[in-house]
Each structure stands twice: as C-alpha cells, then as structure tokens.
Amino acid sequence: MLTQLPEHYQTDFGDNWEHLVQQKESRLEGKCQRVTVKGKERTFSQLGKSRMRLITTRNGKTVPSDSEMAKRWLRPKGYDEVTFIDEFDKVALGELPTPESEHVVAHAMAAKRTMDQVLIDALEGTSYIGEDGTDAVDLGNGQKVAVNYVQSGSAVNSGLTLAKMARMKFILDKNEVEQEGRYFIHTAKQLNDLLVNVIEIKSSDYNNVKALVDGNVNKFMGFEFVMTELLTLVVATDVRTCIAYQRDGVALGIGVEKSAKISIRDDLNETIQIRTKMMIGATRKEEERVVLVYCDESP
C-alpha cells in the first residue's frame, strides 16, 4: 500500500466566477415617470382641478377664475462603484481569469438596485415644492395605513392583511387616483402574511392569493405586486414600510445614464480600474397618489 499517496491528491479548482444570490434587476424603473435632467435640477409645473361657474344673468360680465398651481423639484445625484485589480492578480490567480467582465456585470446589478432604492426613498421620503424648491412636504397621516390597523376588533401590530389592502385601495379611490398603473411594493414576508391571513379570515379569497404567492399572477385588488427586500425596515420595532402608489405619483430623473469603463491606472502601478457611474434622482410628484402601509415583520 502506498501510504503517502493521499498527500499528493490534487484539488480541482473552479475556472470561472459566479454571482451570489441578489436582486439583479430593477423592479421599479419601468413603473414610474422617467425624465431626462439636463441641469442640476428639474421642475414639474402642475395644474390643479378647476371649477365651473354657474351663469345666472344674460349678457353678464365675464368673470375669470384663478387656477391652483404647484411646482415640484427633482435633484439628481451622482453614484459610482469602483473596483481595483492589481497588475499581478492575473498571474496569481492561475487558471482562474481576472474578474473584469464579471465586475462590470456586478456593478450593473448594483446600479439597478440603487435605482430602485432612490425611487423607494422618494416615494416615502420628503419632497420639495415652491418657487425655489425649499419647501419640504411629507406624506400626511391620511396617506398611511398604521401597523395596527383593523376594521373591527382590538388593534394590535400585524403583517399584511386584507383589511390593510382594502384600506390602501380606499385611500387611492377616495383621491380619484386612476385604476391603471397601481403598484404595491412589498417583501416576501407580506406575501406569506397575506396567504396565512386569507386562510384564517376569508377562505373564499384563498385561490386568488395562492396564485399570487405561487407567481402565477401578479395582481390582486387592482394592484400589481412588486417584491423587493430594499424597503425600509425599522429594526428596533420590526416594522416594514410597504408602498402602494400609482405610476404618475413618482418621477425618476436621469442626469447621466449608467456607463462602465475599464482603464489602466498608471499612477497605481498599472492597476486595472473598473468604474461604473450614473447620475439619477427621484421625487414624489403627488402625495395623493402614494400610500404607506406599515407591516409587522417580527418572528
């Protein structure tokens, strides 16, 4: 028996790079108004609803009416990601190639997630209005569904329920928001909550919700469901902020489209630099088109 032979067994090392599990695409980019920003900021001039006057006399005096107007501001910001690969990494990696193209792909996926995060922050955060864009406006309590909201019974913190969904739909309906282009941004936990609650509360809706959870359909109660784990979570309370909105309620501004560049840095000993950049921003355009739905995610 060759007792020392196992000491010479070889390891078969992988010869390619693989991306770990992550959100790889933007879930919201195509679900908003997209505009080009050619300066440091962009404005949206808005016109409110008007009202007709009853004419009570013949040949009467023409009476003009004033119009309600508003101005909303969008200010894009620059984002980038940079990766360095040392000049000797190609030799040290042996048969494994240097991950240049793989990092370009990784940067692109990061850019897509950043785009979603910017839109989420705009939907739930502070917007700016007024002549100079310095007046802050936040969503009022009338545009929020509390974490302990119930239609009847004792109020306790809960995940996503049919009652919360009915409430967010009611708020948009009451505001005369269009039915088309309604979305509900949630995490995996809310889908699970909805399935459990439907089984316990109203089994007649079970098949519709199960099809939603299984991915066979993506709409329920007039909302297209959009899942992402990027939504704000208050760790101290385990409360997640989900968002119901109509697509005209938020705008994505593109100052500089995403671009990637691979270059040799002579000032860093010929280090390979991979840099991806973009300039984007977003703003909530109308508070009436957005509803924040707070959901408990405690174990």
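Given the structure is predicted, the values throughout are model-derived calculations rather than measurements.
The backbone N or O of T134 sits nowhere less than 3.5 Å from a side-chain atom of W73 that would complete a donor-acceptor pair. A donor-acceptor contact shorter than 3.5 Å links the side chain of R284 to the backbone of V137. With hydrogens and angles disregarded, a donor-acceptor distance shorter than 3.5 Å links the side chain of Q246 to the backbone of D248. Using a distance-only test at 3.5 Å, with no hydrogens or angles considered, a donor-acceptor pair links the side chain of N175 to the main chain of E288. A donor-acceptor contact shorter than 3.5 Å is absent between the side chain of W17 and the backbone of E100. No side-chain donor-acceptor contact under 3.5 Å links E102 to the backbone of H19. No side-chain donor-acceptor contact under 3.5 Å links R72 to the backbone of S127. Checking side-chain atoms of R289 against main-chain N and O of V250 turns up no donor-acceptor pair under 3.5 Å. The main-chain N or O of V290 is found under 3.5 Å from a side-chain atom of Q143 such that the two form a donor-acceptor pair. Looking only at distances, a side-chain donor or acceptor of K164 sits under 3.5 Å from a matching main-chain atom of V147.
Counted by atom type alone, Q190 and T187 present one or more donor-acceptor pairs between their side chains at under 3.5 Å.
Residues M168 and A244 come closest through the heavy atom pair SD-CB, 3.7 Å. The two residues R27 and D116 make their nearest non-hydrogen contact at N-OD2, 2.7 Å. In terms of heavy atoms, P6 sits closest to L2 at CD-O, 3.9 Å. C242 and L231 make their closest contact through CA-CD1, 4.1 Å (heavy atoms, listed as atom of the first residue, atom of the second, distance). Of all heavy-atom pairs spanning G159 and D193, the tightest one is CA-OD2, 3.3 Å. Nearest heavy-atom pair, T126 versus A136, reported as atom, atom and distance to 0.1 Å: CG2-CB, 3.6 Å.
With a 4.5 Å cut-off on side-chain heavy atoms, V145 and C295 do not count as touching. Between L119 and K31, the closest side-chain pair of non-hydrogen atoms is not below 4.5 Å. You'll find the side chain of P76 stays beyond 4.5 Å of the side chain of V118, heavy atoms only. You'll find the side chain of R53 reaches within 4.5 Å of the side chain of V63, heavy atoms only. Residues V156 and N148 fail the side-chain proximity criterion, which asks for heavy atoms closer than 4.5 Å.
Hydrophobic clustering (side-chain heavy atoms under 4.5 Å, transitive across Ile, Leu, Val, Met, Phe, Trp, Tyr) groups V177 together with F225. Under the 4.5 Å side-chain heavy-atom criterion for ILVMFWY residues, no single connected hydrophobic cluster contains both F223 and L123. I280 and V35 are not part of a single hydrophobic cluster, where members link through side-chain heavy atoms under 4.5 Å apart. Clustering ILVMFWY residues whenever any of their side-chain heavy atoms sit less than 4.5 angstrom apart, transitively, puts Y245 in the very cluster that holds L252. No single ILVMFWY cluster, assembled from side-chain heavy atoms under 4.5 Å apart, contains both M221 and I185.
A salt bridge links R34 with E29: the closest approach of a Lys/Arg side-chain nitrogen to an acidic carboxylate oxygen falls below 4.0 angstrom. Of the charged side-chain nitrogens involved, at least one lies within less than 4.0 Å of a carboxylate oxygen, so that D173 and R182 count as a salt-bridged pair. A salt bridge does not link K71 to E41: none of the charged side-chain nitrogens sits closer than 4.0 Å to a carboxylate oxygen.
In the displayed structure, Q22 atom CD is contacted under 6.0 Å by more than 12 heavy atoms of other residues, nucleotides or ligands. K277 NZ: 12 or fewer foreign heavy atoms inside a 6.0 Å radius. In the displayed structure, I55 atom CD1 is contacted under 6.0 Å by at most 12 heavy atoms of other residues, nucleotides or ligands.
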**OP:** Take T228 and L28, measure what side-chain contact (heavy atoms from CB on, under 4.5 Å) needs, and give me the verdict at the end.
**Re:** CA-CA 10 Å; T228 177; L28 303 175; 5.5 Å; no

**OP:** Report the C-alpha distance between V291 and I243 in whole Å, list the side-chain angles of each, state the deciding distance to 0.1 Å, and finish with yes or no for side-chain contact (heavy atoms from CB on, under 4.5 Å).
**Re:** CA-CA 6 Å; V291 179; I243 306 171; over 6 Å; no

**OP:** Show your working on side-chain contact (heavy atoms from CB on, under 4.5 Å) between T237 and Y294 and close with a plain yes or no.
**Re:** CA-CA 11 Å; T237 59; Y294 298 101; over 6 Å; no

Original post:
Run the side-chain contact (heavy atoms from CB on, under 4.5 Å) check on L162 and L194 step by step: do they pass?
Top reply: CA-CA 7 Å; L162 290 177; L194 194 59; 4.0 Å; yes

**OP:** Dump the intermediate steps for salt bridge (charged side-chain N to carboxylate O under 4.0 Å, His left out) on E297 and K189, then the final yes or no.
**Re:** CA-CA 7 Å; E297 288 196 0; K189 183 65 166 60; over 6 Å; no

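The side-chain tip of R42 points at the ring of F44 from less than 6.0 angstrom away and within 45° of straight on.
For K285, the side-chain hydrogen bond (donor to acceptor under 3.5 Å, both in side chains) test picks out Q33, with sequence neighbours left out. Partners of R113 under the salt bridge (Lys or Arg N to Asp or Glu O under 4.0 Å) rule, at least two apart in sequence or in another chain, do not exist in this structure.
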